[in-house]
Asker: 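Before we start, here is the structure in question, set down as structure tokens.
Chain letters run A, B, ... following the sequence lines, proteins first and then strands; every chain starts at 1. Worth saying up front: this structure is predicted, and the values here are computed from it rather than measured.
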2 protein chains.
Amino acid sequence: MDITRDTAPETNRSLPIALLRAREKVMGPIRAMLADVGVTEQQWRVLRVLAERGTLDPTEIADRSCLLMPSLTRILQTLTAKGLITREAHPTDKRRQLVSITPDGRQLIADNLKESQRLNAWLRESFGADKLDALLDLLNELDALDRDTRG
Amino acid sequence: MDITRDTAPETNRSLPIALLRAREKVMGPIRAMLADVGVTEQQWRVLRVLAERGTLDPTEIADRSCLLMPSLTRILQTLTAKGLITREAHPTDKRRQLVSITPDGRQLIADNLKESQRLNAWLRESFGADKLDALLDLLNELDALDRDTRG
DNA sequence: GCATTTTACTTAACATGTTAATGGCAAGGT
DNA sequence: ACCTTGCCATTAACATGTTAAGTAAAATGC
């Protein structure tokens, strides 16, 4: 008597698992690229955000790079030690900090952005631009769920 | 909404980030449910696989639950300590083990499966069955990329 | 003005992710 | 039997995920 035999979805029909596998598929090559430079996927995300938006406070970095504050705290320490970012106190609010990317950080981005885009282009061509866009739309729509109708 | 067209894609058009956010959206409620029972999302996945497929060796568990072997090793230790699984030596191959779920483990599954299905149904209704299926199809297709043309 | 609450960040503790190295064992070739 | 090779599982080391608690400073309320 296996209760779960009929009721539980197969793993390929399980959204969490499917998301996990898809993410691993996409991140694999990127991680390999970044490993050569000595930064992790998350550190790369933080640097990218800083390169794109300029000086930010940790809370906004966490939001934009999809990291929780405890993780970000450690990552900022690491990136500071690597000389890829700098941190200064907020002029008026002493609780806050202002984080900026250094020239070395920008250089690291520049050195890897082309390869990153190449991988992105490969995915787009290999998977299909229409499907990729459809997938992104669905994912964003899913993420936006329950933004207003939160009972 | 200021979608600036820089060299780098915005985070909502970045597939890795979009996958991350979507996964967080889906897993949040499930994690909350499991936290009440004292098991993690990954431990739940392992138990589910064992409940669905019966006795398995760690390698196959890792494959089916999308876990790397080092993670699985620790998880199996934890689950054994919790009395939710049992491990025995393989009869002919002494490198392998055979892992089975215990009655307590099955009970934990049974106690939470209904709620898990309720969350699943909510997602299906809230997001739309057609869109959910389309999303799963796209994710599976993405995961299958390069499976045959690998050389 | 002062106490309370909220905010921004940090720290702690535990679990997992990730890569590399290790040890025990099996399979194949000689 | 011997050696090489490969496989299974574990361990190690470091980074992150996750929740809860802690610290300092700003905002709020009385």
Asker: Which part of the nucleic acid does B/Glu60 contact within heavy-atom distance under 4.0 Å: base, sugar-phosphate only, or nothing?
Answerer: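 If one applies the 4.0 Å heavy-atom cut-off, B/Glu60 turns out to touch nothing in the nucleic acid.
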
Asker: List in numerical order all residues of residues 90-101 of chain A for which some heavy atom is under 4.0 Å away from an atom belonging to DNA chain D.
Answerer: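 A/Thr92, A/Asp93, A/Lys94, A/Arg95, in order of number.
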
Asker: B/Arg124: what forms a salt bridge (charged side-chain N to carboxylate O under 4.0 Å, His left out) with it, not counting sequence neighbours?
Answerer: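 Only B/Asp133 meet the salt bridge (charged side-chain N to carboxylate O under 4.0 Å, His left out) criterion with B/Arg124.
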
Asker: Check the hydrophobic clustering (I, L, V, M, F, W, Y; side-chain heavy atoms under 4.5 Å; chains of links allowed) and say if B/Leu67 and B/Leu34 are grouped together.
Answerer: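 B/Leu67 and B/Leu34: one cluster.
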
Asker: Would you say that A/Leu113 contacts A/Arg48 through its side chain, given a criterion of any heavy-atom pair below 4.5 Å between the two side chains?
Answerer: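 In short, these two side chains touch, coming nearer than 4.5 Å.
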
Asker: When the distance from CD1 of A/Ile61 to P of C/dA8 is rounded to whole Å, what number comes out?
Answerer: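 Going from CD1 in A/Ile61 over to P in C/dA8 covers 14 Å.
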
Asker: Judged by atom type as modelled, is there a donor-acceptor pair below 3.5 Å linking the side chain of B/Lys82 to the main-chain atoms of B/Gly105?
Answerer: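 Side chain of B/Lys82 to backbone of B/Gly105, a donor-acceptor pair under 3.5 Å: no, none is there.
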
Asker: Which nucleotides of nucleotides 15-21 of chain D have their base under 4.0 Å from a protein heavy atom (B), which only their sugar-phosphate (S), and which neither (-), written as one string 5' to 3'?
Answerer: SBBBBB-

Asker: Give the dot-bracket line for DNA chain D from 5' end to 3' end: parentheses for intra-strand Watson-Crick or G-U pairs under 3.5 Å, square brackets for crossings, | for inter-strand pairing, dots for unpaired.
Answerer: ||||||||||||||||||||||||||||||

Asker: Would B/Glu88 and B/Arg96 pass as an ion pair if we require N to O under 4.0 Å?
Answerer: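 Salt bridge: no.
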
Asker: So, are B/Arg21 and B/Glu24 salt-bridged, with charged N and O less than 4.0 Å apart?
Answerer: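 So B/Arg21 does not pair with B/Glu24 through a salt bridge.
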
Asker: With sequence neighbours left out, write down each residue that passes side-chain hydrogen bond (donor to acceptor under 3.5 Å, both in side chains) with A/Ser100, or none if nothing qualifies.
Answerer: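 A/Ser100 satisfies side-chain hydrogen bond (donor to acceptor under 3.5 Å, both in side chains) with A/Thr55 once adjacent residues are dropped.
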
Asker: Can you sort out the partners of A/Lys131 under salt bridge (charged side-chain N to carboxylate O under 4.0 Å, His left out), two or more places apart, ordered by chain and number?
Answerer: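 For A/Lys131 the salt bridge (charged side-chain N to carboxylate O under 4.0 Å, His left out) partners, ignoring immediate neighbours, are B/Glu141.
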
Asker: Verify, without hydrogens or angle tests, whether B/Ser116 (side chain) and B/Asn112 (backbone) share a donor-acceptor contact under 3.5 angstrom.
Answerer: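 It does not hold such a pair.
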
Asker: Between C/dC9 atom P and A/Gln77 atom CD, what is the distance in whole Å?
Answerer: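 Rounding to the nearest Å, CD of A/Gln77 and P of C/dC9 are 13 Å apart.
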
Asker: Examine distances only and state if a side-chain atom of B/Thr102 and a backbone atom of B/Leu84 form a donor-acceptor pair shorter than 3.5 Å.
Answerer: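 Here the side-chain-to-backbone pair exists.
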
